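To start, the structure itself, in structure tokens.
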Amino acid sequence: MKLFHRGCFTCCEILMVSIFLFACNTTQTDSDTIEKRINSILSEMSLEEKIGQTAQRGTSSRVKNGITDEIKEAVRQGKIGSFLNVMNKEDVDELQRIAIEESPHGIPLIFGRDVIHGFKTIFPIPLGLAATWNPLIVEQGSRISAVEASTYGIRWTFAPMLDIARDPRWGRIAESPGEDPYLASVMARAYIKGFQGDDLSSSTSIAACAKHFAAYGAAEGGRDYNTVIMSEQELRDVYLAPFQAAEEAGAATYMTSFNEINGVPSSGNGFLLKTVLRNEWGFDGFVVSDWNSVTEMIAHGYCTDEKDAARRAASAGLDMEMMSTSYEKYLKDLIDEGKFSVAQLDEMVRNILRVKFRLGLFDKPYMEHSHDEDMLSEQHLKAAKEGAIQSLVLLKNKDNVLPLSKSSNKIAVIGPLADAPHEQLGTWTFDGEAKDTQTPVSALRQYLGNEKVTFVPGMEFSRQTARNGFTEAIVAAKKADVVLFFGGEEAILSGEAHSRANINLPGAQEDLIMELAKTGKPVVLVIMAGRPLTLGNIINNADAILMAWHPGTMGGPAITDVLFGEASPGGRLPVTWPKSVGQIPIYYNHKNTGRPANEESFVQMDDIPVGAWQSSLGNTSHYLDLGFTPQFPFGYGLTYTSFDYKNIRLSKDSLAPGDSIEITAEITNTGNRAGTEIVQLYIRDLVGDITRPVRELKGFQRLLLQPGEKKMVNFILYPENLAFHNQAMERVTEPGKFKVWIGRNAMEGLESEFELVK
Ligand code: BGC
């Protein structure tokens with residue numbers, strides 16, 4: 001495990017780094033003892049038992065009592081090392097007891113589960129958590145998830161998902177930390193710290209699993225499971241960055257991805273699993289496949305049959321197989337035939353046992369119940385509410401229609417997601433329950449009193465096309481002072497295998513919103529969705545738009561607080577928001593091209609004369625019908641106040657090796673409410689051996705400012721923060737000029753420059 005920091009240091013990060021150092025409490029002596037114990041067990045294990053450690057069995061997420069006598073017998077014989085989705089405490093205890101007391105060497109089982117953004121207390125979906133730009137919220141959320149999940153004997157979560165996602169059609173963007181490698185890396189460290197705690201062997205710590213390794217988010221056309229073709233430079237600088245941050249933060253395990261990269265599926269990819277993860281980064285935990293991803297290499301056209309898949313995956317460095325059973329069936333034959341070696345198998349088992357030791361499973365294999373009462377505790381719900389508040393991104397607020405006044409007399413609450421507890425939990429929430437969830441309708445009634453809130457959904461679910469509920473909704477709108485429309489996507493429309501070619505508001509929602517706008521009443525649109533949605537004309541017809549992602553258990557109270565100004569909308573976009581799907585992929589840190597788009601060269605399609613002579617001169621990289629700017633840029637989000645940015649200053653003009661440069665600016669709250677600004681630092685490396693993006697995020701800070709208050713922000717950049725991979729695939733810092741911005745999003749900011757010198 002190395003401590004090798006690749007981003008600019010902010011206060012938050014310095015805190016995270018110090019927490020990390022504290023967390024690394026496995027001493028050399030502990031490690032030596034663990035290695036000795038592993039060697040001694042390995043020397044006694046039979047080949048079958050060793051293979052057993054590499055096998056993970058499970059049930060689908062919904063089956064609760066699936067443990068047959070056959071499975072118990074397999075555990076007794078040491079033929080299974082891990083389970084996923086065993087969600088009955090008695091089953092967990094019984095299986096573990098069989099493993100400890102009756103299997104040949106008493107090796108504990110490790111129980112895994114997708115605890116992605118909460119267990120019983122559900123936090124916003126990961127994309128929403130990324131929108132908080134607040135690693136402390138993420139750390140707290142994952143700590144709470146670990147405390148709750150471990151009461152079920154789960155000591156391993158298949159999270160965090162660290163796939164950079166630049167295509168909102170991809171359903172799994174909901175699970176991702178967004179489009180930016182720096183922000184994703186900050187989030188990666190926070191997740192790992194929260195799940196694994198200060199001491200992985202504590203009974204409330206759960207091993208993290210950085211997934212999906214790698215580049216899964218770059219699936220062609222946003223179609224899930226699809227092909228990825230990518231340069232090694234982009235892979236390393238963009239897609240692998242958060243995974244490396246996870247390794248530095250001590251992630252105990254990794255999961256391979258379903259996709260192939262440049263023709264080689266991840267589960268058989270020795271470059272990723274050996275060259276990068278083990279040899280370059282020094283990872284010594286274990287790697288698990290994704291669900292059946294080993295045998296899916298046959299469908300990819302990479303392996304002839306299951307035996308070939310087992311050989312390819314094991315040789316590439318994949319230690320544990322999830323669900324499919326090619327290791328169990330064929331590793332022994334492969335060893336007998338000399339196509340795989342016992343030494344290689346020993347290495348896989350060693351990696352798995354190491355994590356089991358680090359979790360303390362050999363010494364304390366059974367679940368402890370000391371923290372059972374923490375489930376959905378007041379403190380957990382409070383944290384989930386704060387997480388949701390900070391994830392809310394205010395996209396539009398015409399004439400400061402928000403915040404609403406508590407004295408508003410009549411509120412019409414309309415829309416399919418106003419009272420849809422299951423939907424607001426979002427994707428990957430197997431254990432969160434609708435009955436524990438507080439919806440906007442219930443929270444608004446509690447806050448304002450029943451008599452002020454008229455709830456007429458207008459539509460029963462987000463995809464509904466029938467318009468028979470419209471009339472009643474319009475009548476309610478006409479009688480109200482303000483209309484709150486809760487729309488978006490049901491939870492099932494994002495997440496795994498739920499990509500969409502059109503990412504507009506589904507069903508008849510747009511029509512209903514247009515009808516409501518015609519009433520002349522102010523319309524506030526609250527969107528719950530797993531991705532940015534293309535809103536088209538709705539943008540002009542809604543007075544305010546609040547992006548709530550899928551906000552989790554406490555979404556209702558969080559949204560209510562923000563709508564009524566008890567709290568400020570805290571989020572900023574972790575992904576660029578497109579105007580239309582035709583613009584995708586669209587992301588802020590793109591390359592400049594030889595003919596970069598600009599206002600001067602952009603000509604609207606309708607302004608081109610009919611019969612115009614064919615000419616490209618003076619034209620640039622844009623769409624005739626959509627231009628080149630997104631609907632909302634990365635980093636964007638409004639508050640209930642205004643901030644003024646002034647006086648960007650650099651501590652020096654040039655940055656030398658071993659030196660650092662300080663960049664400061666003055667930020668003033670010029671409005672009349674307190675507010676938190678997320679001040680962002682971007683750079684641009686003007687010339688590179690491999691061309692550099694037009695902007696790159698290198699730091700951010702949250703500043704809480706009272707009305708009229710002014711504060712200085714400061715960022716420190718080191719040459720290391722400017723490094724990238726060159727054509728020779730060396731990570732280098734190249735001398736040359738850099739632009740630097742301090743601003744409120746990726747399209748704005750005070751600009752200055754400096755030079756990196758040799
Ligand atoms: C998903 C993983 C998940 C696994 C186990 C797979 O289908 O891709 O993200 O962890 O199932 O549920």
Side-chain angles (χ1 to χ4, degrees), residues 55-64 66 81-87 110-119 125-127 142 145-146 149 152 154-165 170-177 184 188 191-192 195 206-219 222-226 228 239 242-243 246 251-261 265-267 269 285-297 299-300 313 318-325 426-432 491-492 494-499 530:
Q56 183 182 61
R57 290 279 184 83
T59 59
S60 101
S61 58
R62 302 185 70 168
V63 181
K64 292 211 168 171
S82 168
F83 280 93
L84 79 159
N85 297 336
V86 179
M87 290 312 292
I110 175 171
F111 292 90
R113 175 81 162 166
D114 290 282
V115 182
I116 307 294
H117 52 112
F119 184 67
I125 52 169
L127 191 61
S142 37
S145 309
Y152 275 71
I154 296 161
R155 295 296 307 285
W156 180 25
T157 176
F158 305 125
M161 192 269 218
L162 299 175
D163 298 311
I164 296 291
W170 189 48
R172 301 199 83 165
I173 195 172
E175 297 170 54
S176 94
Y191 276 113
I192 306 291
F195 287 132
I206 60 179
C209 183
K211 74 183 189 186
H212 306 85
F213 198 61
Y216 185 30
R223 290 183 292 278
D224 206 1
Y225 313 124
N226 222 289
V228 174
Y239 288 82
F243 286 97
T253 71
Y254 278 70
M255 183 190 291
T256 56
S257 54
F258 285 123
N259 57 287
E260 57 180 70
I261 305 177
S266 301
S267 296
N269 198 315
F286 73 83
V287 178
V288 66
S289 74
D290 204 343
W291 186 289
N292 287 347
S293 68
V294 172
T295 49
E296 283 177 14
M297 292 198 291
H300 275 280
L318 191 140
D319 305 306
M320 185 185 279
E321 185 179 9
M322 181 189 283
M323 292 314 291
S324 53
T325 52
T427 187
W428 287 111
T429 50
F430 294 147
D431 303 289
I492 195 63
S494 58
E496 184 177 352
H498 290 83
S499 297

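Count residues from 1 along the sequence. When a ligand or atom number is given, it counts from 1 through the structure's own listing order. Being a predicted model, the structure only gives us computed values, none of them experimental.
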Task: Ring centers of F286, W156 separated by less than 6.0 Å - done: yes
- [ ] Check the side chains of E296 and Y225 for a donor-acceptor pair under 3.5 angstrom, ignoring hydrogens and angles.
- [x] no
Task: W291-F258 aromatic ring centre distance below 6.0 Å - done: no
TODO: Just jot down the side-chain hydrogen bond (donor to acceptor under 3.5 Å, both in side chains) partners of D114, sequence neighbours excluded, or say none.
DONE: K211
TODO: At a heavy-atom distance under 4.0 Å, which protein residues reach ligand 1? Sort them by chain and number, would you?
DONE: L84, D114, F158, R172, K211, H212, M255, F258, D290, W291, M322, W428, E496
TODO: May I ask you to check whether Y239 and Y216 place their ring centres under 6.0 Å from each other?
DONE: no
Open item on the list: Distance check, rounded to the nearest 0.5 Å: L84 atom CG versus Q56 atom CD?
Closed with: 4.5 Å
